[in-house]
Amino acid sequence: MHAPPATPLVRLAVFLLPALAGCRPEAPPPDHLNVLVIIADDLNTELGCYGNPRVRSPQIDRLAARGIRFEHAYCQFPLCNPSRTSLLSGRTPASTRVWENAAAARTALDGVPFLPEWFHQHGYATARVGKIAHDETAVQWDLAEDGRGKSEPGRFRWDKTRNRDRDEPDGARALAVVRLIEQHRDKPFFIAAGFHAPHAPFVAPRRYFALYPPESIPIAEEPAADRADFPDIARTRPRKLSPAQRRHAVAAYYACVSFLDTQVGLILDALERNGLAERTVVVFMSDNGFHLGDHGNLWGKATLFEESARVPLIIALPRTESGGRACAHPVELIDLYPTLVELCGLAAPRGLEGKSLAPWLLEPSR
């Protein structure tokens, strides 16, 4: 292990201003920032803080209230492996050569440090719980665990369980992340939490389903000729769900979002309880979006429509006056790598193809 830097915290400007001025030290400054990355799977922007009042997401909304919410954030490719390989390597799929889930993440990336590996090289303890890379064997962490509970979902369906949150796979993951935060509170860390929810099948404890009676779920009316102007390449085959089935599916998806939201709250509470919120950069995001019966009954991802390519992205900095605001500037998940490197005052590896979002975090309306 690398010797950890000293830990007294100074104002955020100490970290940001040298980086913005082009100064890139080779190791963390004596007063480091920690990094906590939370990645949901197949989460679209159906959240309270993104303007959907029907979805109960108070914990994610709480993070948005002290962070910057990016209104137009997009993945590089709307599929798990290409998206995650891209954001972790800081390179586009054209460079990674990863276009499908079966591809090896290091198809064209031999010798390229993935995001947590770069932080490890600069003295950070790195740990993940759950799915961060699609091909986890390609990424090195100091500590890695799945944090599974009693059951792991399988097919496209929905199911109410009688489990306590902690007995669901994602509930167990949240508790594992909480333990990691407590164990690493006195050293610089890069911790990543990967949640399955709300990926299909939509499985969560029944109390979350109770929040969304299917009959209360509206089905948005679309123009009769909505698909008439689709180019041939965009003519994805829709699922044939009846209006009742659609309502049940959307209600189940929302239930999983609220279940995810509760687990996010446990992690945010742990940061605050351990006095780490004042020196930790928190990122909340998804790897891609998800269709919920729009565009003529499309479900899932792997399209370039807004519902599939757009993702939630919230970045919360400690000790900043710009929190609680929205940024309308279009950004990409590939921007995450250079952003975190700059915020933490690290040297940047060669070959990054994204753009640091640090300037927009300081002034979202620029």
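Start at 1 with the first residue, then count along the sequence. Since the structure is predicted, the reported quantities are computational estimates derived from the model, not experimental observations.
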Given the rule that I, L, V, M, F, W and Y join up when any side-chain heavy atoms are under 4.5 Å apart, are [X] and [Y] in one cluster?
X      : Y      : result
Trp141 : Phe119 : yes
Tyr74  : Ile334 : no
Val257 : Ile219 : no
Leu298 : Leu304 : no
Leu313 : Ile132 : yes

Under 3.5 Å, is there a donor on one side chain and an acceptor on the other for [X] and [Y]?
X      : Y      : result
Asp186 : His184 : no
Glu100 : Asn81  : no
Tyr337 : Ser356 : no
Ser83  : Gln76  : no
Thr262 : Gln59  : no
Arg239 : Asn297 : no
Glu307 : Asn44  : no

Test of understanding: with ring pair (Phe, Tyr, Trp, His ring centres under 6.0 Å), list the residues that count as partners of [X], not counting sequence neighbours.
X      : value
Trp360 : His329
His72  : none
Phe209 : none

Self-check item: Parallel, tilted or perpendicular: ring planes of Phe290 versus Tyr253, cut at 30 and 60 degrees
Solution: parallel
Can you tell me how far apart [atom1] ([X]) and [atom2] ([Y]) are? Round to the nearest 0.5 Å.
X      : Y      : atom1 : atom2 : result
Arg62  : Asp261 : CZ    : CG    : 9.5 Å
Leu47  : Ile314 : CG    : CD1   : 7.0 Å
Arg164 : Asp167 : CZ    : CG    : 4.5 Å
Leu63  : Ile267 : CG    : CD1   : 11.0 Å
Tyr208 : Ser258 : OH    : OG    : 8.0 Å

Under 3.5 Å donor-acceptor, [X] side chain and [Y] backbone:
X      : Y      : value
Asp287 : Asp41  : no
Arg310 : Glu71  : yes
Thr303 : Phe305 : yes
Arg128 : Ala192 : no
Asp170 : His196 : yes
Asp335 : Gly354 : no
Arg247 : Pro213 : no
Asp61  : Cys49  : yes
Thr280 : Ala277 : no
Asp142 : Thr126 : yes

Counting neighbours of [atom1] on [X] that are heavy atoms of other residues, nucleotides or ligands and sit closer than 6.0 Å, is the number greater than 12?
X      : atom1 : answer
His134 : NE2   : yes
Arg366 : CZ    : yes
Glu221 : CD    : no

Exercise. Take Tyr254 and Leu211, measure what side chain to side chain contact (heavy atoms under 4.5 Å, CB included) needs, and give me the verdict at the end.
Key: CA-CA 9 Å; Tyr254 288 170; Leu211 299 173; over 6 Å; no
Practice problem: Using the test side chain to side chain donor-acceptor pair (under 3.5 Å), find all partners of Arg56 that sit at least two apart in sequence or belong to another chain. | Solution: none
Exercise. Return the set of residues passing side chain to side chain donor-acceptor pair (under 3.5 Å) with Arg91 (not counting sequence neighbours), or none when no residue passes.
Key: none
Quiz item: Does any non-hydrogen side-chain atom of Val203 lie less than 4.5 Å from one of Arg157?
Solution: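 Yes, at least one pair of side-chain atoms sits under 4.5 Å.
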Quiz item: Can you find a pair of side-chain heavy atoms, one from Tyr124 and one from Cys344, that are under 4.5 Å apart?
Solution: yes
Practice problem: Quick one: which residue pairs count as a ring-ring contact (aromatic ring centres under 6.0 Å, His included) with a foot in residues 79-102, not counting sequence neighbours? | Solution: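 The answer is Phe77-Trp99.
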Quiz item: Please walk me through it: do Ile191 and Val177 pass side chain to side chain contact (heavy atoms under 4.5 Å, CB included)?
Solution: CA-CA 8 Å; Ile191 294 176; Val177 174; 4.2 Å; yes
Quiz prompt | Qualifying residue, where the test is side chain to side chain contact (heavy atoms under 4.5 Å, CB included) with Arg273 and the options are Val178, Leu268, Ile181 | solution =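 For Arg273, the side chain to side chain contact (heavy atoms under 4.5 Å, CB included) test succeeds with only one of Val178, Leu268, Ile181, which is Val178.
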Practice problem: With side chain to side chain contact (heavy atoms under 4.5 Å, CB included) as the test, would you mind laying out the steps for Thr339 and Leu361 before giving the verdict? | Solution: CA-CA 10 Å; Thr339 300; Leu361 291 169; 4.0 Å; yes
Self-check item: Asn163 vs Arg206, side chain to side chain contact (heavy atoms under 4.5 Å, CB included): CA-CA, chis, key distance, verdict
Solution: CA-CA 8 Å; Asn163 292 340; Arg206 60 177 55 243; over 6 Å; no
Self-check item: cation_pi(Arg69, Tyr50) dist<6.0 Å, angle<=45
Solution: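 Pair Arg69/Tyr50 counts as cation-pi.
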